[in-house]
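See structure below.
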Amino acid sequence: MAKERSRKALVELLQRPGNAACADCAAPDPDWASHSLGIFICLNCSGIHRNIPQVSKVKSVRLDDWDDAQVEFMASNGNNVAKAKYESKMPPFYYKPTYLDCQLLREQWIRAKYERKEFIHSEKQEPYSAGYREGFLWKRGRDNGQFLSRKFVLSEREGALKYFNKNDAKEPKAIMKIEHLNATFQPAKIGNPHGLQITYLKDNSTRNIFVYHEDGKEIVDWFNAIRAARFHYLQVAFPGASDSDLVPKLSRNYLKEGYMEKTGPKQTEGFKKRWFTMDDRRLMYFKDPLDAFARGEVFIGSKENSYKVLEGLPPSTQGNHWQHGITIVTPDRKFLFACETEDDQLEWITTFQKVISRPMLPQEYAVEAHFKHKP
C-alpha cells in the first residue's frame, strides 16, 4: 500500500508546472527523478546523472521503491525550484541543449549545472566569458584528412578567431571574423563524439574547419566562448536589440544535411551525387561531407521573391539514378535534385518550404545580391 501511495504521489507531482518536461533537456513526460536534487528527468538524462553519483541519486518514478522522506523532498523541490537555484546566474549566451542535441552538449550542461555549479558561482564561467581564450585543438587537415594539433586564439577585442600551423608562428594560418563565425557539433559526420564544425566566410564563400578536443568540457567551453564573442559583437552591432532577439543568432545548427544528386545549369551533363547542407538560406553542396569548401552554393529566397520548390523533375530530365526528384525555382534558373528515397525527398521539400515561406530580412537581400553561384 505504501509503495502504491508513493507512486501515486509522484505521478501527481509530475502534473505540477515545470515537472511535465525533463529538467535538463525539456523532453516531454519524464519518467525518472534525481531524489538528491529534487528534479524529474528523462531516461537519457538519467544515464548522465548516474555518472555523477556524488551529486545525483536516480530512481524510476514508477518502477522503484520510494520512502516518504524522498517523496516529500521531491514535493518541496521540483524542476522550477531547481532551475531557480542551479541556473540563477546562467549567462544569456550559454547554449542550453534540448533532447535533440548531441550527448556531449547534454552531458556538459548537466555537469556544469550540478557538479561544477557554474551558474551559481559566476567566477566559474571564466573559461568562456572572459572575452579571450587560447589553447590547442585537433584540426582536420584540408588535403590529407589527418587531425593535427593546432593553436587557436579567440579574441573579442580583435573580433576574430585565429589558428596557427606552428606554435611559434608569428602569422596565423587563418583569421575568422566573429561577425561571420558559426560553430555546430557534428559528432557523426566528423567521427568523434567531441567533433565541432566551425564555419566562416572567406571571399563570400563558406569555409569549413573540423576540430575536436579529447576533453568534453574543453570543447564545449570553446563552443560557448564563440557564442559569447558573437553575443558581445551583436550587442554592439544592434544596440537596441534585446537578449532574446540576439540569442538565436549566436550559432546555427543546420536545417538539414544529406546526399542528393544534382545536375548542372544546362541540365544535360548527367547527375552527380553530392553532400548537401542547408545553412539558413544557403544550400551548399560538397563532393565529400568533410570538404573545406563547397563546390557551389545556392541562395534560397522567399516565395514573395519568386522562389518555389516543386515535387518531381521536368518530364525531359535524363541521367538521374535516384527517382525522387525536387525542382527549386529561383528568379534566375531552375535547380534539379534527386533523392534516394521518398522519405528523403519529403524531408528536403519540407525544409525548403520552411525557408521559402519565411519573408526575407533586409540584410538577406544584400546576401542575395552578392551571391556567387558556382555551377
Side-chain angles (χ1 to χ4, degrees), residues 22 24-27 41-52 93-113 115-116 127-128 133 135-142 144-150 152 154 161 163 176 181-200 206-228 230 250-259 274-280 282 284-294 344 347-348 351:
C22 173
D24 295 325
C25 75
I41 53 179
C42 70
L43 175 63
N44 280 342
C45 289
S46 75
I48 298 168
H49 279 259
R50 283 184 200 281
N51 291 332
I52 43 171
F93 59 76
Y94 193 96
Y95 187 80
K96 188 173 177 174
T98 72
Y99 58 94
L100 299 171
D101 282 298
C102 64
Q103 172 81 4
L104 171 73
L105 275 170
R106 288 183 290 112
E107 180 185 351
Q108 288 304 318
W109 161 240
I110 288 167
R111 287 184 180 275
K113 259 206 292 191
E115 185 181 40
R116 301 192 290 266
Y128 45 81
R133 184 178 171 89
F136 288 87
L137 295 172
W138 293 97
K139 179 193 164 290
R140 188 179 188 273
R142 192 174 92 184
N144 62 9
Q146 270 187 308
F147 281 88
L148 298 167
S149 180
R150 294 288 180 253
F152 281 76
L154 176 69
L161 173 67
Y163 79 87
M176 303 164 244
L181 206 54
N182 186 42
T184 175
F185 279 97
Q186 294 275 18
K189 188 158 97 176
I190 295 169
N192 185 292
H194 301 171
L196 186 69
Q197 179 172 351
I198 297 172
T199 60
Y200 62 102
T206 305
R207 163 83 159 97
N208 296 320
I209 62 170
F210 302 96
V211 297
Y212 72 88
H213 194 287
E214 298 95 330
D215 185 311
K217 178 185 185 298
E218 282 288 312
I219 196 73
V220 173
D221 283 351
W222 270 105
F223 175 64
N224 280 303
I226 289 169
R227 284 176 58 88
R230 296 254 319 138
L250 301 185
S251 62
R252 303 179 305 279
N253 292 329
Y254 300 133
L255 302 177
K256 183 163 170 57
E257 288 195 290
Y259 284 107
R274 294 288 181 254
W275 176 266
F276 283 82
T277 297
M278 188 77 224
D279 181 11
D280 199 28
R282 285 175 184 261
M284 300 175 278
Y285 52 91
F286 304 84
K287 195 166 181 184
D288 182 273
L290 297 176
D291 282 347
F293 290 101
D344 268 355
E347 282 177 24
W348 276 111
T351 304

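Reckoned from all heavy atoms, side chains included, excluding hydrogens, waters and symmetry mates. This is a predicted model, so every value here is computed, not measured. The chain is numbered in sequence order, starting from 1.
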Can you find a heavy atom in the side chain of [X] that is under 4.5 Å from one in the side chain of [Y]?
X      : Y      : value
Phe223 : Tyr128 : no
Asn253 : Asp101 : yes
Glu214 : Trp138 : yes
Tyr163 : Ile198 : no
Phe210 : Lys189 : yes
Asp24  : Arg106 : no
Val211 : Ile190 : no
Phe185 : Val220 : yes

Write down the atom of [X], the atom of [Y], and the distance for their closest heavy-atom approach.
X      : Y      : value
Gln197 : Tyr254 : NE2-OH, 3.3 Å
Pro127 : Ala225 : O-CB, 4.3 Å
Asp280 : Met278 : O-CE, 3.1 Å
Leu196 : Ala183 : CD1-CB, 4.2 Å
Ile219 : Leu137 : CD1-CD2, 3.9 Å
Leu161 : Phe152 : CD1-CD2, 4.2 Å

Exercise. Can you list the steps and then say if Cys45 with Ile110 is a side-chain contact (heavy atoms from CB on, under 4.5 Å)?
Worked result: CA-CA 8 Å; Cys45 289; Ile110 288 167; 3.9 Å; yes

Working to the nearest 0.5 angstrom, can you tell me the gap between [X] [atom1] and [Y] [atom2]?
X      : Y      : atom1 : atom2 : value
Thr277 : Lys256 : OG1   : NZ    : 10.5 Å
His194 : Leu105 : NE2   : CG    : 10.5 Å
Arg140 : Arg150 : CZ    : CZ    : 13.5 Å
Arg282 : Thr199 : CZ    : OG1   : 9.5 Å
Gln108 : Lys113 : CD    : NZ    : 13.5 Å
Lys96  : Trp109 : NZ    : CH2   : 5.0 Å

Exercise. Should the heavy atoms of other residues, nucleotides or ligands under 6.0 Å from CZ of Phe293 be counted, would the total exceed 12?
Worked result: yes

Exercise. Any cation-pi pair here, Arg274 with Tyr259, using under 6.0 Å and within 45°?
Worked result: no

Problem set entry | Carboxylate-amine/guanidinium proximity below 4.0 Å for Asp279 and Arg252 | yes

Exercise. Is Arg111 reaching over with its side chain to a backbone N or O of Arg116, donor-acceptor style, under 3.5 angstrom?
Worked result: no

Exercise. Distance-only, no hydrogens or angles: does the Asn208 side chain make a donor-acceptor pair with backbone N or O of Leu290 under 3.5 Å?
Worked result: no

Problem set entry | Donor on one side chain, acceptor on other, Asp221 and His213, under 3.5 Å | no

Exercise. Would Arg133 and Trp222 satisfy side-chain contact (heavy atoms from CB on, under 4.5 Å), going step by step from the backbone distance to the final call?
Worked result: CA-CA 8 Å; Arg133 184 178 171 89; Trp222 270 105; 3.3 Å; yes

